A.B. asks: 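Take this structure, written in structure tokens, and hold onto it; I'll ask about it next.
Protein chains get the first letters and strands the later ones, always in sequence-line order, with residue 1 at the start of each. Just so you know, these numbers come straight off a predicted model, no measurement behind them. Heavy atoms only: backbone and side chains are in, while hydrogens, waters and symmetry mates are out.
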Amino acid sequence: MTSWKEQLGDRIPDQLAGEVDLFEGQIELKMQGKLDDKIFAETRLRRGVYGQRYDNGLRDDGTGQKTLTFPCGDLTKGPDTVWDAPGMMRIKVPFGKLTVEQLEVLSELAEENSDSILHVTTRQDIQLHYIHIEEAPDMMRRLAAFGITTREACGNSVRNVTACEYAGVCTTQAFDVTPYADAITKYLLGHPDVQDFGRKFKIAFSGCEDNPCGLVTFHDLGAVAQVRNGKRGFRVVVGGGLGAVPVQAKVLAEFCPEEELFPLTQAVARVFARLGEKQSRARARIKFLVQKVGIDEFKKLVADERETLRPDERWTAFLDDLHSTDEKPVREAGAIPSDAPAGFQAWAKHNLKPQAQDGYYSAIVKLPLGDFTATQGRALAQIARELTGDSIRCTVEQNLTIRWLSGADAVTFYDRLVALNMAAPGAGTITDMTSCPGTDTCKLGISASRGLTGELRKRLTVIEDELHPAVQALRMKASGCFNSCGQHHAADIGFTGVSRQVGGRKVPHFNIVLGGQWTENAKSYGLVVAAVPSKNIPKAVELITGHYLTNREGEESFQAFMARVGKKEFRKVLAPIQKAPAYEDDPSYYSDWGNPREYTIGDIGVGECAGEIVPFVEFGLQEAEQQLHDAQDALEAGLSATAAAGAFNAMVTAAKALVRHLEVQVTDDADDVVANFKTHLHDTELFHDPFAKGKFATYLLKMHGDHSYEDADDEIAHRTLDEAQLFLEAAHACYQRLTEAAAAAAAAE
Amino acid sequence: MQATKFQVKLYTRVGDIELEKLIPVFHEWIRTKKISDELLIDVADYAHVPQGPGVVLIGHQSDYYLDVADNRPGLLYSRKRGFEGDFQAGIDDAFRRALNACQLLEGESSLGLQFATNEVLFRVQDRLVAPNADATYDAYKPALEQAASAFFGGAPSLERIGTEREPFAVRITTGASGTVADALARH
């Protein structure tokens, strides 16, 4: 075999295969200079191909900023993003679920295309770093062969739909949210109503109110399972988010019946797409829209939008079989042996949770900083194959949970983890910290959140057994900047990277955020208490926990203690360590954890997390251009009928993009597109050329009516291609006129 | 179609390594362009991952790992891009670059590292072109023998290792007792 495309053949679903082929074609076009930088950047972001630190071709080596002389020369893969610079691939893992085979193929890709490390994110994705963009299409094919897509993993789109890792096996859930998360993932993937956002949109599911696994309160849209009078539904919240100013989501519906969940979500998406901010990224998340109009008005807008939606059978089709996502254990249930060894007992204390199903357990594999090796991944997959089946879940705390472990196999499972160096105890305790990538790989990172977390973890693991249970139970989380990917607002003790100037030099610091609540779906956020030099953070943790233990009343929780004593008292506690010594006295303060270079924020780039603001219509027109290009290739290959049909499809695609630009609902069906095009663009004369008038529109209308593109001979194919080319030119011109008219109207207001 | 993603690992003579010490060394290599014909980009620290890739010097053409997989520390050279010349030249080049990196590390006094030359691990990270199978082994064996013999002398002994799920890998026992410098001088 000469290519993965050939090797995998029909193992790849047609739609995914087509999407990867299209992306590969776009890479080719970009290399030929035929694709705009912004469009290509948003295109690759929507396929999970992300930028990494230094991808602008510049890197500070500690003595000043230097140019990385990549061989690609001036070729870029986005604004200020060098083609050859390594990037990151974010791989969506809906609700964190991985099969054995999926984990195996991910491990293979980590070895062949990355640095042998798989990284679990705080939103249940897997990330691979140091990827070369030209290898991305084959990586996507290998993933697609096992049902994984990276589509819409980044960019201004619906990101990975998350859900608690115990869904279906949880002892406190109202019901299993897995089939709902699964169905809405499939429904929204590529849906036209979620393509025109100004920013990303994150959805989370939780099976219950009390536990933190779903973290719905800081999501753009969250759904908490409820049963009322025997009827399933969800409490739906909207407009939550972290970032520099964290916002708790507001209740959109106290009880949304299960059959209404999808149309409600779709209506929210349409309102967000229509009214959400598009120009200022900083205010483009839905939380700002909800704040701006108020939750009551937002509810009204959503209700009105809901009324306009055309019914879609997919809203409820999945309800016919809510067991389609059930997992099947491969071993009989059993009890944990009474003579289990001490090491197992210590591990099981925090890492083994009884399931709702008697005799089965969920085992948490605690990962250091969310990382595991390809070798470990492969071995873990084999363990799952033998003992638990396809029951692996990535968690929001950057661990792996393996469900459906029979109690009878628990010690064997533990022994095999020990052999893999994956049996670290203390899951969900103070040693189980989460962190975003920070300055290690993120373009926006200010401080080394991973370096800090690694250092704290190393120090605390040594004294883990000696820690007071009240301290053991605390959670710590770190973000390298205010964007809060490490979810520090919801931690007992959180850290967010900041920079401070001391004696003319920059010193890495972390803001300490105290008193966030992880439980009850992250019910409340912490408060910033003080900025402390990065190198003093371990001491700060010691002071904070010591102060808490000494002064708490009875069994007072950390949140309650924080609320009682307030920020002021903790400021006093931290005051002695807030000031960095002069460089001459201790230069170690002037570099960050795990990075000996003198600290600088000069490497911060423009984050790609926000995506490029490219209106959906431009994607549509670009897609139409690609279709026409393919049609021309087909004609050259002597495939007249294919060429003519392709040219017609290109016109339909362009027409659909314009119709949708007018905020008219339209399906992918050509009849529907053409009917709407005629009504809204032809009959209104919006599509009319100033000189040719309706001539170009009639190419589409006539062709749609007489089907002349079908069974076309060479002559008809040529004519069809020529007409399609003119139609596309007219479509671009029409879009330009519409844009100018909108701008003029806005200016007049 | 020819594989290019060759990996060559040489093991250290000592068991324990303080991986953190590699971080400033690799940063300095980037700053001083220590490997002059390669673009060096970044340092990835995975010291927290047991038996993992350790500390990685990320480059454009190749990565260099102070890898601690299987609890056997060593320098792992990993080619990511194509090479000039024929198949044998590509394998020879991978051996040479791995040995060259070992020699540079041995020269870093802060590390106190020495590498053994009696054993080499060779892998190909390309399951499409080089699956872990007998046919791949048959195709690679002559070139690996030639490269090992040219650098380490004598008649090396080769053994294919791992399963079909793992990358194609060959353990080469060279029988050599010389230094890294000896090996580089020989070729």
Side-chain angles (χ1 to χ4, degrees), chain A residues 1-4 6-7 52-55 59 61-63 66 68-72 84-86 104 107-108 111-113 115-117 129-130 132 135 138 142 367-369 371-376 378 381-382 420-422 424 440-441 448 450-451 453-455 457-458 591 593-597, chain B residues 1-3 5 7 19-33 38-61 63-65 67-71 76 78 80-81 123-131 162-163 165-167:
Chain A
M1 293 291 177
T2 57
S3 70
W4 282 111
E6 189 184 345
Q7 171 101 333
Q52 236 183 261
R53 209 164 175 90
Y54 318 128
D55 70 3
R59 180 182 187 273
D61 65 6
T63 62
K66 305 289 161 49
L68 297 168
T69 50
F70 290 102
C72 60
D84 274 339
E104 284 173 338
S107 300
E108 290 178 8
E111 280 177 327
E112 293 186 27
N113 305 93
D115 55 7
S116 294
I117 286 288
H129 290 90
Y130 304 106
H132 197 277
E135 296 182 1
D138 272 347
R142 293 171 74 178
L367 301 173
L369 310 188
D371 293 341
F372 62 105
T373 69
T375 304
Q376 287 174 324
R378 199 161 33 240
Q382 183 58 28
L420 292 173
N421 278 294
M422 298 185 95
D440 280 17
T441 51
R450 271 169 65 88
T453 309
E455 184 65 26
R457 187 179 160 276
K458 194 163 63 182
S591 62
W593 292 110
N595 191 337
R597 287 175 292 168
Chain B
M1 195 169 171
Q2 181 174 277
K5 293 187 172 180
Q7 293 186 328
L19 286 171
E20 290 77 6
K21 288 187 175 177
L22 264 296
I23 296 171
V25 169
F26 280 162
H27 275 288
E28 188 66 3
W29 284 19
I30 297 173
R31 194 183 70 79
T32 59
K33 300 185 186 340
E38 293 197 50
L39 173 62
L40 305 177
I41 302 168
D42 199 4
V43 181
D45 175 10
Y46 296 118
H48 54 277
V49 182
Q51 297 190 33
V55 177
V56 192
L57 174 57
I58 304 286
H60 177 69
Q61 295 89 348
D63 295 335
Y64 293 85
Y65 298 64
D67 163 285
V68 289
D70 303 322
N71 269 341
L76 174 72
S78 180
K80 301 192 290 188
R81 300 279 176 274
R123 279 197 299 236
V124 185
Q125 291 291 0
D126 189 337
R127 286 167 175 80
L128 178 71
V129 181
T163 67
R165 290 189 195 282
E166 293 172 285

A.B. asks: Below 4.5 Å, heavy-atom pairs only: which of B:D42, B:I23, B:V43 has the largest tally toward chain A?
C.D. replies: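 Counting heavy-atom pairs under 4.5 Å, the top option is B:D42.
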A.B. asks: Given a strict heavy-atom distance threshold of 4.5 Å, which part of A:P86 is in contact with chain B: side chain, backbone, both, or neither?
C.D. replies: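 The answer is the side chain of A:P86.
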A.B. asks: Would you mind telling me which of B:P53, B:A47, B:G52 has the largest number of heavy-atom pairs within less than 4.5 Å of chain A?
C.D. replies: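 With the most close heavy-atom pairs to chain A, the winner is B:P53.
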A.B. asks: Looking at A:Y130, is its backbone amide N or carbonyl O close enough to the side chain of A:Q52 to form a donor-acceptor pair, meaning the two atoms are under 3.5 Å apart?
C.D. replies: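 Between the backbone of A:Y130 and the side chain of A:Q52 there is a qualifying donor-acceptor contact (under 3.5 Å).
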A.B. asks: For B:E166, is it the side chain, the backbone, both or neither that has a heavy atom under 4.5 Å from a heavy atom of chain A?
C.D. replies: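 Contact with chain A involves both backbone and side-chain atoms of B:E166.
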A.B. asks: A:E111 versus chain B, heavy atoms under 4.5 Å apart: side chain, backbone, both or neither?
C.D. replies: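 For A:E111, backbone and side chain are both near chain B.
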A.B. asks: Using a cut-off of under 4.5 Å for heavy-atom pairs, which of A:R378, A:M422, A:K66 has the most such pairs with chain B?
C.D. replies: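 Heavy-atom pair counts peak at A:R378.
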A.B. asks: Kindly give the heavy-atom pair with the smallest separation between B:A3 and B:V124, and that separation in Å.
C.D. replies: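 Shortest heavy-atom contact: CB-CG1, 3.6 Å.
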A.B. asks: Select one option (side chain, backbone, both, neither) describing which atoms of A:I117 are under 4.5 Å from chain B's heavy atoms.
C.D. replies: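 Interface part for A:I117: side chain.
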A.B. asks: How long is the span from the OH atom in B:Y65 to the CG atom in A:D115, to the nearest 0.5 Å?
C.D. replies: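 Going from the OH atom of B:Y65 to the CG atom of A:D115 covers 5.0 Å.
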A.B. asks: Check whether A:N113 gets within reach of chain B through its side chain, its backbone, both or neither, counting any heavy atom under 4.5 Å.
C.D. replies: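 Interface part for A:N113: both.
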A.B. asks: What part of B:I41 gets within 4.5 angstrom of chain A, counting heavy atoms only: side chain, backbone, both, or neither?
C.D. replies: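 For B:I41, backbone and side chain are both near chain A.
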A.B. asks: What distance separates B:Q2 CD from B:D126 CG, expressed to the nearest 0.5 Å?
C.D. replies: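 It comes to 10.5 Å.
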A.B. asks: Relative to chain B, which of A:K458, A:H132, A:R597 shows the most heavy atom pairs under 4.5 Å?
C.D. replies: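 If we count pairs closer than 4.5 Å to chain B, A:H132 comes out on top.
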A.B. asks: A:T63 versus chain B, heavy atoms under 4.5 Å apart: side chain, backbone, both or neither?
C.D. replies: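 Contact with chain B: side chain only.
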A.B. asks: At a heavy-atom distance under 4.5 Å, which candidate from B:D45, B:I58, B:V49 has the highest pair count against chain A?
C.D. replies: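 Most pairs with chain A among the choices: B:I58.
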A.B. asks: Work out which heavy atom in A:Q376 is nearest to a heavy atom in A:L420; give both atom names and the distance.
C.D. replies: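 Closest approach of A:Q376 to A:L420: NE2-O, 2.9 Å.
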A.B. asks: Roughly how far apart are B:Q51 CD and B:N71 CG, rounded to 0.5 Å?
C.D. replies: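 If we round to the nearest 0.5 Å, B:Q51:CD and B:N71:CG are 4.0 Å apart.
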A.B. asks: Check each atom of B:R123 against the heavy atoms of chain A and say whether the ones under 4.5 Å are side chain, backbone, both or neither.
C.D. replies: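 No part of it gets close to chain A.
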A.B. asks: Non-hydrogen atoms of chain B under 4.5 Å away: do they reach the side chain of A:T69, the backbone, both or neither?
C.D. replies: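 For A:T69, backbone and side chain are both near chain B.
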A.B. asks: Among B:E20, B:K80, B:K5, B:R127, which residue forms the greatest number of heavy-atom pairs with chain A at distances under 4.5 Å?
C.D. replies: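 Looking at each option in turn, the highest pair count goes to B:R127.
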A.B. asks: Hey, mind stepping through B:R31 and B:W29 against side-chain contact (heavy atoms from CB on, under 4.5 Å) and telling me if it holds?
C.D. replies: CA-CA 5 Å; B:R31 194 183 70 79; B:W29 284 19; over 6 Å; no
A.B. asks: Output the distance between atom CZ (B:R165) and atom OG1 (A:T375), rounded to the nearest 0.5 Å.
C.D. replies: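 One finds 14.0 Å between CZ of B:R165 and OG1 of A:T375.
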A.B. asks: Does B:R81 form a salt bridge (charged side-chain N to carboxylate O under 4.0 Å, His left out) with A:D84? I'd like the steps, not just the answer.
C.D. replies: CA-CA 11 Å; B:R81 300 279 176 274; A:D84 274 339; 5.5 Å; no
A.B. asks: Would B:Q61 and B:L39 count as a side-chain contact (heavy atoms from CB on, under 4.5 Å) here? Give the steps.
C.D. replies: CA-CA 7 Å; B:Q61 295 89 348; B:L39 173 62; 4.1 Å; yes
A.B. asks: Measure distances from B:H27 to the heavy atoms of chain A and classify the residue's part below 4.5 Å as side chain, backbone, both or neither.
C.D. replies: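 Just the side chain, heavy atoms under 4.5 Å.
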A.B. asks: Against chain B, label A:R142 side chain, backbone, both or neither, depending on which of its atoms sit under 4.5 Å from a heavy atom there.
C.D. replies: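 Contact with chain B involves the side chain of A:R142 alone.
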A.B. asks: Of all the heavy-atom pairs spanning B:L40 and B:I30, show the shortest one and how long it is.
C.D. replies: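 What the structure gives for the nearest pair is O-CG2, 3.7 Å.
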